[in-house]
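What you see below is based on every heavy atom in this structure, not just the backbone, and it leaves out hydrogens, waters and symmetry mates.
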Amino acid sequence: MKKSPAPALTKGLEIIELIAEEGELGFNAISEMKKISVSSLNRILKVLVSKSYLVKNDKGKYMLGSRIFTLAKSDSIWNGILKRASSILKEISQKYEATAMLFGFSDESVIALDKAINVDSVVMQKVGNVSKQFLSRPWGFVYMSNLSEDRKKILIEIVKKSEEDNKNLPSTEEIEEYIEYAKKEGYSDDFGKIKSSIRKLAVPIYNSKGEVISALAVGFVNGALSEIKVQEIVRHLKTKADELTELISV
């Protein structure tokens with residue numbers, strides 16, 4: 001076999017390809033399958049995670065990160081809104097003392113694309129995190145509300161088979177209520193019921209076909225804001241989501 005002129009780079013690319021095939025893999029499995037020493041693998045994975053090519057999920061396993069998805073779609077949706085969304089997230093975070101996030105939806109996955117943290121509010125998840133949070137988070141509910149009944153049923157079954165989210169799933173009746181609320185109101189609110197210490201809101205961002213491809217979301221300490229202020233945030237989120245929808249629909 002011809003020796004690679006850049007062994008570490010070659011190994012890193014092979015790891016990305018392996019995880020793309022397997023879906024997710026733990027450290028030991030990668031080391032064993034690729035015959036890479038612990039020290040070398042640690043260095044390679046550290047770089048790949050820092051650059052968002054890979055991300056560690058809630059089970060401690062490695063999955064493809066947001067950088068892979070944004071590169072794959074470099075001429076379309078997310079790259080078209082990421083730069084504009086960054087300033088919007090910072091504005092929302094500072095104005096309402098909450099953590100603001102941008103999520104993307106792709107291949108039955110939810111991807112955390114960007115975030116603006118408020119030090120006095122909640123942290124929420126890491127940028128680059130890839131999950132199947134369609135049934136336990138407001139951003140998932142706004143996505144589900146835009147699906148056909150057949151597609152919705154299929155995705156619900158896929159998510160329920162995923163171990164990562166089962167521990168936090170609301171009941172079937174509650175899930176349907178959240179989805180219907182999102183469909184009727186044009187945004188989603190978990191009212192602090194899924195995780196009592198945190199309240200989360202989300203509004204959809206559409207592509208030119210009217211499909212939900214992203215969501216603007218806000219998380220804050222439950223009870224920290226008045227209902228008047230919450231509704232003000234919802235209106236603000238909708239306005240900014242409309243701006244981003246218009247940006248990618250032209």
Side-chain angles (χ1 to χ4, degrees), residues 7-72 78 99-117 119 121-141 143-144 155-170 175 190 194-198 200 202 214-215 217 219 221:
L9 175 59
T10 298
K11 288 177 182 177
L13 294 173
E14 289 176 351
I15 289 169
I16 291 174
E17 290 173 353
L18 178 63
I19 292 174
E21 292 174 1
E22 299 293 330
E24 60 178 36
L25 284 172
F27 183 95
N28 292 337
I30 298 171
S31 179
E32 188 175 324
M33 295 170 78
K34 301 308 297 181
K35 307 301 180 187
I36 303 175
S37 69
V38 170
S39 58
S40 293
L41 185 55
N42 264 321
R43 289 194 296 271
I44 294 170
L45 290 176
K46 185 175 181 180
V47 172
L48 293 176
V49 170
S50 70
K51 298 295 184 181
S52 297
Y53 287 101
L54 296 180
V55 64
K56 237 180 179 181
N57 64 20
D58 295 338
K59 295 180 283 184
K61 294 186 177 182
Y62 292 90
M63 300 175 62
L64 296 182
S66 62
R67 186 64 177 157
I68 296 293
F69 293 98
T70 52
L71 284 175
W78 297 331
T99 293
M101 293 197 72
L102 175 72
F103 291 93
F105 306 109
S106 176
D107 302 324
E108 298 166 356
S109 295
V110 181
I111 307 155
L113 297 173
D114 199 2
K115 174 170 69 170
I117 302 174
V119 293
S121 189
V122 298
V123 175
M124 295 176 75
Q125 58 192 263
K126 293 180 179 179
V127 171
N129 184 57
V130 181
S131 68
K132 293 192 181 299
Q133 295 176 341
F134 290 101
L135 306 180
S136 63
R137 304 292 192 279
W139 39 93
F141 300 139
Y143 179 80
M144 298 290 288
L155 187 53
I156 286 175
E157 289 306 310
I158 290 172
V159 174
K160 286 186 174 179
K161 289 178 182 177
S162 171
E163 294 180 10
E164 86 178 69
D165 224 24
N166 279 346
K167 60 184 178 181
N168 297 317
L169 287 184
I175 289 171
D190 68 3
I194 295 176
K195 189 173 182 181
S196 60
S197 60
I198 302 173
K200 296 177 287 291
S214 291
V221 176

Give the intermediate values and the outcome of side-chain contact (heavy atoms from CB on, under 4.5 Å) for residues Y53 and V47. CA-CA 9 Å; Y53 287 101; V47 172; over 6 Å; no

Rounded to the nearest 0.5 angstrom, the NZ-CG distance for K46 and L54 is 15.0 Å

Residues at least two apart in sequence or cross-chain that pass side-chain contact (heavy atoms from CB on, under 4.5 Å) with S39, listed by chain then number, are S37, R43

So, S31 side chain and I36 main chain: donor-acceptor pair closer than 3.5 Å or not? yes

For the side chain of D190 and the backbone of K200, is there at least one donor-acceptor N/O pair under 3.5 Å apart? yes

When rounded to the nearest 0.5 angstrom, what distance separates CD1 in I198 from OG1 in T99? 9.0 Å

Return the orientation label for the W139 and F103 ring planes: parallel under 30°, perpendicular over 60°, tilted otherwise. parallel

Start with the C-alpha distance between L25 and M33, add both sets of side-chain angles, then the distance that settles side-chain contact (heavy atoms from CB on, under 4.5 Å), and finish with yes or no. CA-CA 10 Å; L25 284 172; M33 295 170 78; 4.1 Å; yes

Least distance between heavy atoms, S214 atom then G104 atom: OG-CA, 4.0 Å

Where is the tightest heavy-atom contact between I44 and G12, given as atom of each residue plus distance? CG2-CA, 3.8 Å

Roughly how far, to the nearest 0.5 Å, is the CD1 atom of I158 from the NZ atom of K132? 6.5 Å

From L135 atom CG to L169 atom CG, the distance as rounded to the nearest 0.5 Å: 5.5 Å

Tell me the closest heavy-atom pair linking M63 and E24, and the distance in Å. CG-CB, 3.7 Å

Out of curiosity, K61 NZ to I19 CD1, how far, rounded to the nearest 0.5 Å? 11.5 Å

Distance (rounded to the nearest 0.5 Å) between F141 CZ and I194 CD1: 4.0 Å

Closest non-hydrogen atoms of K56 and Y62, given as atom of the first, atom of the second and distance, are CE-OH, 3.5 Å

Is any side-chain heavy atom of K34 closer than 4.5 Å to a side-chain heavy atom of K11? no

Counting C-beta onward and ignoring hydrogens, is there a side-chain heavy-atom pair between F27 and N42 closer than 4.5 Å? yes

Can you find a pair of side-chain heavy atoms, one from I111 and one from V55, that are under 4.5 Å apart? no

